[in-house]
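Just below is one structure, and these are the notes that go with it.
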2 protein chains.
Amino acid sequence: MKKDSAVELSGVKEIARRANVSIGTVDRVIHNRSGVSEKTKQIIQDIIKELDYQPNIMARRLASNKVLNFAVLIPAVSDETEFWAAPLNGIEQAENEIRQYGIKVEKYYFDLNDKQSFVNLTKQILKTAIDGVLLAPSFIDESLAFTKQCDQLKIPYVLINSDLPKQDSLCYIGPELFHSGYLSAHLANYAIKDNGKVLIINISREIDNHHHLLRKEEGFRAYFDDHDKKLTIVKDDIRQTDYASVASSLKELLKAHTDAEAIFVTNSRVVSVARYLQESDHQKVLLIGYDYLKDNLAYLKDGLIDFLICQKPQEQGYKGIMALYQNLVLKVDVEKNYFMPIDIITKENYQFYRN
Amino acid sequence: MKKDSAVELSGVKEIARRANVSIGTVDRVIHNRSGVSEKTKQIIQDIIKELDYQPNIMARRLASNKVLNFAVLIPAVSDETEFWAAPLNGIEQAENEIRQYGIKVEKYYFDLNDKQSFVNLTKQILKTAIDGVLLAPSFIDESLAFTKQCDQLKIPYVLINSDLPKQDSLCYIGPELFHSGYLSAHLANYAIKDNGKVLIINISREIDNHHHLLRKEEGFRAYFDDHDKKLTIVKDDIRQTDYASVASSLKELLKAHTDAEAIFVTNSRVVSVARYLQESDHQKVLLIGYDYLKDNLAYLKDGLIDFLICQKPQEQGYKGIMALYQNLVLKVDVEKNYFMPIDIITKENYQFYRN
DNA sequence: TTAAACCACGTGTACGTACCCGAAGATAGA
DNA sequence: TCTATCTTCGGGTACGTACACGTGGTTTAA
């Protein structure tokens with residue numbers, strides 16, 4: 001029952017004692033509710049500042065029996081969008097950690113092939129009472145419409161994986177694409193002789209987030225420009241993403257460019273290139289691609305893929321939820337732009353990597 | 001006052017209701033204190049299992065007014081040991097996060113040049129009442145003596161940065177050295193022609209943790225063995241770490257090996273090598289070293305250092321404290337060995353790196 | 001002058017758990 | 001049979017905060 005008197009006690013009770021008021025009044029000031037005279041309000045606020053009062057979060061969440069509802073709107077995971085399994089994983093991890101604090105996370109998955117599914121889900125979300133949103137804005141215009149409504153309803157939202165320019169989001173968490181391409185070029189450069197040749201391969205359907213791939217390509221090219229490297233860059237777009245189609249495209253491409261020393265694949269479909277190289281028994285080329293996925297790792301291990309660039313997709317989901325939590329529960333400011341590190345994964349370090 | 005009846009209520013109260021006992025009795029079972037008959041104990045335990053009861057951590061910490069004391073014993077930060085600023089930073093970050101939960105962290109800094117300072121601090125720590133220890137076991141025998149006493153007192157301890165073999169620690173958090181050397185070799189290899197030459201440089205005083213550097217060197221050499229690479233590896237130990245001494249050693253070394261294509265420096269003192277290369281206007285060599293430190297980054301930016309290997313020192317501190325917290329407060333099992341990822345930092349990605 | 005309205009503030013209960021005290025009931029010894 | 005002791009359990013208070021309600025005092029209107 002006794003508290004060590006040496007313990008510096010803060011808390012509303014101490015504030016109330018010093019201000020000669022009841023804790024009720026202090027409470028009113030803290031939540032600036034009405035019903036307190038300017039004078040006592042000032043006194044209390046001064047004391048709060050002096051004591052540097054930090055409310056006890058646990059007691060607060062215990063007492064206020066409120067539940068905060070977060071909505072998550074991200075692409076569904078499929079064979080074609082395996083990437084999104086990782087952010088989802090991170091989201092669920094965060095969910096488990098903060099469930100204790102009265103946070104509920106409702107997840108909505110849209111079809112990356114179906115804009116309408118996205119729109120429908122945004123409508124559905126807005127019908128429910130939510131306190132925060134985590135959004136992967138794959139469809140730009142539709143996302144803008146959604147975030148606009150969130151702004152009106154004063155619902156904070158966090159964007160992950162791709163940004164929406166000039167939006168009033170709480171923050172953006174995701175990759176900085178240009179530099180990942182730029183870095184890839186640096187790595188590729190070790191294999192490219194002067195006047196050598198490098199291939200850039202985009203393997204994606206129209207629907208995919210094309211802007212992403214373009215930025216990476218820009219970064220890749222910029223490196224060689226900046227370093228006055230003389231070389232030939234050949235770029236190919238492959239629009240059919242099934243393996244058979246990719247293989248036949250590659251066959252032609254590689255026949256035309258037998259002298260290519262390095263290949264840069266702008267996304268995780270580097271796996272198809274690796275597979276083709278292996279099956280066709282192609283001579284060794286430096287191969288760089290994206291993402292820490294199981295299939296990719298297999299080829300990394302085999303030495304067909306030299307470098308995988310990865311930007312912690314799982315942590316993107318984790319940080320996204322945590323940003324909402326920190327803002328809404330802890331009332332802390334969060335970084336406006338949280339760019340994920342650009343990690344280089346090789347045969348030698350992949351086993352220690354954490355998504 | 002009313003709870004939504006749809007809310008599934010768990011909690012001791014519900015358990016007590018179902019078991020037809022008071023919450024006091026349930027409480028006794030949960031903390032398996034004495035004073036409960038076998039019969040009711042069984043009943044209550046069954047109900048706990050059935051409901052998958054998870055105690056409310058907030059209420060728990062609120063009610064039990066206990067304070068947990070953690071002791072941290074790490075090297076003091078100095079010009080020579082700038083590295084330790086990062087773990088310390090992570091420790092303080094963790095401290096801030098869990099202060100709310102009644103955790104107090106007391107930090108003790110020993111002098112890496114002075115074994116006795118380490119021993120004295122261990123004695124001092126053992127005099128106070130502590131619940132957990134975070135330890136950087138720089139001095140092996142002295143650390144073993146200390147951990148032995150911790151074992152006897154049933155105080156869990158976490159080791160960071162270097163491991164102590166076969167100790168009953170809660171966990172080890174730190175680098176896996178061999179593979180970081182192995183990875184470095186892979187990177188170096190891009191610059192080394194067949195029958196080429198590479199230099200390994202250890203710059204460290206006797207007192208430094210020599211074992212660390214050795215493991216890295218082993219990994220580095222192993223790569224070339226595994227890949228049947230024909231090359232010459234020249235190794236040099238520089239025992240005087242002031243710049244003037246290093247410079248004069250390097251001068252001789254590089255004069256004798258003008259054909260070296262790559263240099264691998266086994267720790268953060270790569271900065272001295274970079275500086276020497278710059279000042280002596282040496283031809284470009286691939287230079288690989290360790291740690292995300294300000295001086296190193298400057299040379300990375302200038303292109304004198306090509307790769308820095310880094311193993312998230314800040315996160316080591318953070319995770320170390322958190323491991324104690326998770327074990328002692330949340331009563332969760334923690335990974336026995338948490339090896340940090342082996343990160344590759346270049347001119348292109350350093351700005352996005354998070355320690 | 002008195003009731004109604006309003007302002008400023010105090011009080012009490014609740015959140016879910018920990019822990020202490022004491023009350024029944026059972027058991028044992030005389 | 002009566003008391004002493006032990007076992008088993010219920011009840012109460014506390015942790016720090018949120019919030020509903022109540023209370024005393026002042027101002028306003030009839």
Side-chain angles (χ1 to χ4, degrees), chain A residues 1-4 7-45 47-48 51 53-68 99-103 329-331, chain B residues 1-4 7-45 47-48 51 53-68 99-103 329-331:
Chain A
M1 181 193 153
K2 268 127 252 259
K3 275 209 115 172
D4 188 344
V7 170
E8 346 165 8
L9 31 124
S10 175
V12 284
K13 224 182 315 189
E14 172 66 8
I15 298 174
R17 198 184 60 76
R18 296 203 190 198
N20 263 323
V21 294
S22 75
I23 62 169
T25 304
V26 175
D27 186 70
R28 271 179 282 263
V29 172
I30 288 173
H31 296 86
N32 46 274
R33 275 180 284 221
S34 61
V36 185
S37 70
E38 268 310 314
K39 212 181 87 192
T40 49
K41 184 172 179 179
Q42 197 54 54
I43 294 174
I44 291 175
Q45 281 175 334
I47 296 178
I48 287 178
L51 290 181
Y53 165 70
Q54 301 286 99
N56 183 318
I57 298 178
M58 324 201 75
R60 167 168 288 183
R61 291 237 35 103
L62 233 207
S64 107
N65 241 356
K66 266 185 217 141
V67 170
L68 289 182
R99 192 198 319 277
Q100 291 270 356
Y101 307 115
I103 310 284
V329 178
L330 306 184
K331 319 250 180 202
Chain B
M1 184 194 154
K2 266 129 253 264
K3 273 210 122 178
D4 188 345
V7 169
E8 346 163 11
L9 33 124
S10 176
V12 283
K13 222 182 315 188
E14 173 66 7
I15 299 173
R17 198 185 59 77
R18 295 203 190 199
N20 263 325
V21 295
S22 76
I23 61 171
T25 305
V26 175
D27 186 72
R28 272 180 282 264
V29 172
I30 288 173
H31 297 85
N32 49 273
R33 274 179 285 224
S34 61
V36 184
S37 70
E38 267 312 312
K39 211 182 86 191
T40 49
K41 186 172 177 177
Q42 198 54 54
I43 294 174
I44 292 174
Q45 280 176 332
I47 295 178
I48 287 178
L51 290 181
Y53 165 71
Q54 301 287 101
N56 183 318
I57 298 179
M58 299 187 288
R60 168 167 288 182
R61 291 245 26 111
L62 193 57
S64 111
N65 242 355
K66 265 185 216 142
V67 171
L68 289 182
R99 191 198 318 278
Q100 290 271 354
Y101 309 111
I103 310 284
V329 178
L330 306 184
K331 319 248 179 203

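Hydrogens, waters and symmetry mates play no part in the numbers below; they use all other heavy atoms, side chains included. Letters go in sequence order (proteins before strands), and every chain restarts at 1.
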* Structure fact -> Whole-Å distance, A/K39 NZ to C/dC9 C1', equals 13 Å
* Asked: Looking at CD1 of A/I48 and CD1 of A/I15, how far apart are the two atoms once the value is rounded to the nearest 0.5 Å?
  -> 4.5 Å
* To do: Please state how far atom CD in A/Q54 lies from atom P in D/dG16, giving the value in whole angstrom units.
  => 15 Å
* Let me know, please, whether B/R60 or A/S37 comes out on the 5' side of the other along DNA chain C by nearest nucleotide. => A/S37
* Residue closer to the 5' end of DNA chain D, B/G35 versus A/R33 (nearest nucleotide) -> B/G35
* To do: May I have the distance from B/R17 (atom CZ) to D/dG10 (atom C1'), rounded to whole angstrom?
  => 18 Å
* Asked: For A/Q100 and C/dT17, what is the distance between atoms CD and P respectively, to the nearest whole Å?
  -> 9 Å
* To do: Please tell me which of the listed nucleotides, D/dT17, C/dT17, C/dG16, lies nearest to the side chain of A/A63?
  => D/dT17
* Asked: Whole Å only: how far is the CD atom of B/E38 from the C1' atom of C/dA26?
  -> 18 Å
* Nearest-nucleotide pick for A/A59, side chain only, options being C/dC9, C/dG12, D/dG16 -> D/dG16
* To do: Would you indicate, yes or no, if C/dT17 has its OP1 or OP2 atom less than 4.0 angstrom from a side-chain nitrogen or oxygen of B/Y53?
  => yes
* Which part of the nucleic acid, if any, lies within reach of B/D27 when heavy atoms closer than 4.0 Å are counted: base, sugar-phosphate only, or nothing? -> base
* Asked: Could you go step by step and tell me if B/V12 and B/Y53 meet the side chain to side chain contact (heavy atoms under 4.5 Å, CB included) rule?
  -> CA-CA 8 Å; B/V12 283; B/Y53 165 71; 3.8 Å; yes
* Structure fact -> Separation between NZ (A/K41) and OG (A/S34), nearest 0.5 Å, reads 9.5 Å
* Asked: Which part of the nucleic acid, if any, lies within reach of A/T40 when heavy atoms closer than 4.0 Å are counted: base, sugar-phosphate only, or nothing?
  -> sugar-phosphate
* Structure fact -> One should read off an interatomic distance between B/N56 CG and A/M58 CE, to the nearest 0.5 angstrom, of 8.0 Å
* Mark yes or no for a side-chain to base donor-acceptor pair under 3.5 Å between B/R28 and D/dG10, with no hydrogen or angle criteria applied. => yes
* To do: In whole angstrom, give the distance that lies between atom CD1 of B/I23 and atom C1' of D/dT8.
  => 16 Å
* Structure fact -> Per atom distances to the B/V36 side chain, the nearest of C/dG10, C/dG16, D/dC9 is D/dC9
* Interatomic distance, A/L51 CG vs D/dG16 P [rounded to whole Å] -> 14 Å
* Structure fact -> Smallest heavy-atom separation, A/R60 atom then A/P55 atom, equals NH2-CB, 3.5 Å
* Asked: Once you build an axis from the first five pairs and another from the last five of the helix from C/dT1-D/dA30 to C/dA30-D/dT1, how far apart in angle are they, to 10 degrees?
  -> 70°
* To do: Look up atom CD in B/Q100 and atom CD in A/Q54, then write down how far apart they are to the nearest 0.5 Å.
  => 7.5 Å
* Could you tell me whether A/G11 contacts a base, only the sugar-phosphate backbone, or nothing, with contacts defined as non-hydrogen atoms closer than 4.0 Å? => sugar-phosphate
* Asked: For B/K13 and C/dC15, is the shortest distance between a side-chain N/O and OP1 or OP2 below 4.0 Å?
  -> yes
* Asked: Could you state the interatomic distance from CD1 (A/I47) to CD (A/Q42), rounded to the nearest 0.5 Å?
  -> 11.0 Å
* Check whether any side-chain nitrogen or oxygen of A/K66 sits under 4.0 Å from OP1 or OP2 of D/dC19, and answer yes or no. => yes
* **Residue B/T25, side-chain atoms from C-beta onward, closest of D/dG16, D/dC9, C/dC15** => D/dC9
* Distance (rounded to the nearest 0.5 Å) between B/R61 CZ and B/N65 CG -> 8.5 Å
* Just how far, in rounded Å, is P of C/dT17 from CG of B/N32? -> 17 Å
* Does the side chain of B/S64 get closer than 4.0 angstrom to OP1 or OP2 of C/dA18 through an N or O atom? -> no
